[in-house]
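Here is the structure we will look at, set down as structure tokens.
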Amino acid sequence: MVDIRVKKLAKILTDYSVKIKKDDKVLISANPEAWVLAKEVYKLCLTKGAFPYTIYSPGDLNYFFYKHASLNQLQKKPEIALFLTNWADKFVRLYSSTNNRTLSNIDPKRLMITAKVNQPVKKIMLKKPWVLTEFPSFSMAQSAGISLDELENIYFKACLQDWNKISKTLKKLKSKLDNAKKIEVIGEKTHLTLSFTNRLFQAADGKYNMPDGEVFGAPLDFQTKGQIYFDLPSLRSGNIVEGVSLTFKKGKVIKASAEKGNKYLQAALNTDSGSKRLGEFAIGTNYGIKKPMLNTLFDEKIGGTIHLALGSAYPDKEGGGINKSAIHWDLVKSMTGKKSKVLVNNKPILINAKLLV
């Protein structure tokens with residue numbers, strides 16, 4: 001018997017997030033832990049008259065690939081992925097993990113090689129409707145320090161919401177941030193200044209991520225200055241990176257360190273010409289997510305946090321960014337504390353993790 005919550009989520013993903021309709025070619029990617037959701041998404045797509053195609057990705061082969069692949073294999077053009085990405089009209093990306101630390105001992109430079117190679121696939125996909133979610137697993141629960149049952153309850157509560165209603169609230173915050181000449185982030189070991197002149201923010205209201213709940217925009221590429229300290233740890237490609245400190249000058253990272261995972265941080269920053277610049281600044285608005293879970297999809301949405309993304313900006317015809325990179329790495333900062341605040345054109349919009357909207 002399929003959990004009724006899985007069926008409800010599949011309906012949100014297909015009806016609301018990517019709006020599947022007749023004759024749509026839908027690429028559904030999933031691994032074993034998320035397969036139960038993939039099947040429900042497939043069924044709904046088919047009953048709508050769409051053409052669903054599923055990709056099954058056994059994640060336990062990733063370690064063997066990155067450990068033993070030759071340089072030629074790492075650099076191989078992703079011909080099949082490119083074909084499928086060009087074929088599809090819409091994408092439903094479902095993933096999970098039996099072991100989210102499986103790549104922790106792989107040289108980060110090898111991971112960055114394939115990230116560069118797969119950049120054309122990502123570029124094509126981002127121009128089309130897509131949605132991404134990470135389905136609960138034992139590995140994810142262990143990282144969060146909770147039981148799988150508790151994780152599932154948090155996950156479905158965060159996902160099964162009235163996203164149309166949430167969208168209206170987020171757009172109010174968006175209007176306060178659009179075209180901001182100056183945004184300042186002030187907090188622990190932090191005083192960062194960014195500019196968004198002639199750039200608009202986007203309300204992340206369940207169209208691309210699930211769960212969702214943030215308002216984000218792309219800073220002007222040569223204006224960011226100052227320093228920032230990220231107190232929330234990040235789990236990326238099996239590597240835990242925490243205590244990240246970044247110093248910016250003219251929009252570029254000129255100094256960087258991490259209390260843990262510094263090797264991975266330095267490799268990521270040296271991926272390409274755009275990896276030292278920002279693709280995103282955002283404010284998390286989902287106060288239903290109460291605690292960090294060492295999972296970026298959740299942690300970046302926590303109400304009252306802010307996050308920055310190193311690397312590529314999401315393209316947007318309405319004032320989006322232009323920075324290009326093979327990486328897009330979100331780093332999250334808690335804004336709790338009386339001295340923590342975000343100012344927009346010198347006026348407070350976030351104080352001690354509370355939104356003033």
Side-chain angles (χ1 to χ4, degrees), residues 29-34 55 57-82 84-85 93-126 132 134 137 139-140 143 230 232-244 246 253 256-280 294-297 299-300 307-314 323-332:
S29 57
N31 54 13
E33 298 295 312
I55 299 176
S57 306
D60 53 357
L61 291 176
N62 286 340
Y63 174 81
F64 189 88
F65 173 78
Y66 283 107
K67 183 70 176 177
H68 299 286
S70 66
L71 181 60
N72 183 52
Q73 289 171 315
L74 289 172
Q75 294 177 330
K76 174 66 175 175
K77 181 180 178 180
E79 296 166 340
I80 295 174
L82 281 168
L84 288 171
T85 308
R93 301 167 60 203
L94 315 171
Y95 74 100
S96 193
S97 177
T98 54
N99 179 2
N100 56 26
R101 302 297 310 282
T102 189
L103 300 179
S104 60
N105 290 323
I106 298 296
D107 184 346
K109 293 180 181 178
R110 292 173 68 81
L111 301 175
M112 301 309 157
I113 290 172
T114 56
K116 288 182 184 179
V117 169
N118 287 304
Q119 183 65 7
V121 175
K122 181 179 177 182
K123 185 177 180 180
I124 295 168
M125 187 199 70
L126 289 177
L132 165 72
E134 180 170 358
S137 67
S139 179
M140 185 177 170
S143 294
F230 298 95
L232 270 61
S234 174
L235 175 59
R236 186 174 173 89
S237 298
N239 295 268
I240 295 179
V241 185
E242 57 183 87
V244 173
L246 301 176
V253 175
S257 65
E259 296 164 4
K260 182 177 182 179
N262 189 59
K263 182 179 179 180
Y264 183 89
L265 173 65
Q266 301 303 329
L269 286 168
N270 288 295
T271 300
D272 49 42
S273 60
S275 54
K276 284 188 173 72
R277 297 191 183 276
L278 294 177
E280 178 185 333
L294 196 57
N295 184 295
T296 300
L297 189 64
D299 294 351
E300 68 175 4
H307 62 269
L308 302 178
L310 291 167
S312 63
Y314 287 118
N323 193 47
K324 296 180 180 179
S325 174
I327 70 167
H328 180 94
W329 182 8
D330 295 291
L331 294 165
V332 187

Between [X] and [Y], is any side-chain donor less than 3.5 angstrom from a side-chain acceptor?
| X | Y | value |
| --- | --- | --- |
| Q73 | H68 | no |
| S143 | N100 | yes |
| Q266 | N270 | no |

Quick one: are [X] and [Y] in side-chain contact, heavy atoms under 4.5 Å?
| X | Y | value |
| --- | --- | --- |
| L126 | H328 | no |
| V332 | S234 | no |
| E300 | L232 | no |
| V241 | W329 | yes |
| E33 | S139 | no |
| L235 | R101 | yes |
| L310 | L278 | yes |

Exercise. Could I get the full list of side chain to side chain donor-acceptor pair (under 3.5 Å) partners for T296, not counting sequence neighbours?
Key: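 Expected list: none.
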
What is the minimum heavy-atom distance between [X] and [Y], and which atoms define it?
| X | Y | value |
| --- | --- | --- |
| Y264 | S237 | OH-OG, 3.8 Å |
| V121 | P78 | CG2-CG, 3.8 Å |
| S104 | N239 | O-OD1, 3.5 Å |
| D299 | P233 | OD2-O, 4.4 Å |

Practice problem: State whether the side chain of S137 and the backbone N or O of T98 hold a donor-acceptor pair below 3.5 Å, judged by distance alone. | Solution: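 It does not hold such a pair.
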
Ignoring hydrogens and angles, write down the donor-acceptor pairs under 3.5 Å from the side chains of residues 105-120, residues two or more places apart or on other chains.
{"unit_1": "D107", "atom_1": "OD1", "unit_2": "K109", "atom_2": "N", "d": "3.0"}
{"unit_1": "R110", "atom_1": "NE", "unit_2": "Y66", "atom_2": "O", "d": "2.6"}
{"unit_1": "R110", "atom_1": "NH2", "unit_2": "Y66", "atom_2": "O", "d": "2.8"}
{"unit_1": "R110", "atom_1": "NH2", "unit_2": "A69", "atom_2": "O", "d": "2.6"}
{"unit_1": "T114", "atom_1": "OG1", "unit_2": "Y66", "atom_2": "OH", "d": "2.9"}
{"unit_1": "T114", "atom_1": "OG1", "unit_2": "L111", "atom_2": "O", "d": "3.0"}
{"unit_1": "K116", "atom_1": "NZ", "unit_2": "T271", "atom_2": "O", "d": "2.8"}
{"unit_1": "N118", "atom_1": "ND2", "unit_2": "T114", "atom_2": "O", "d": "2.9"}
{"unit_1": "Q119", "atom_1": "NE2", "unit_2": "S325", "atom_2": "O", "d": "2.8"}

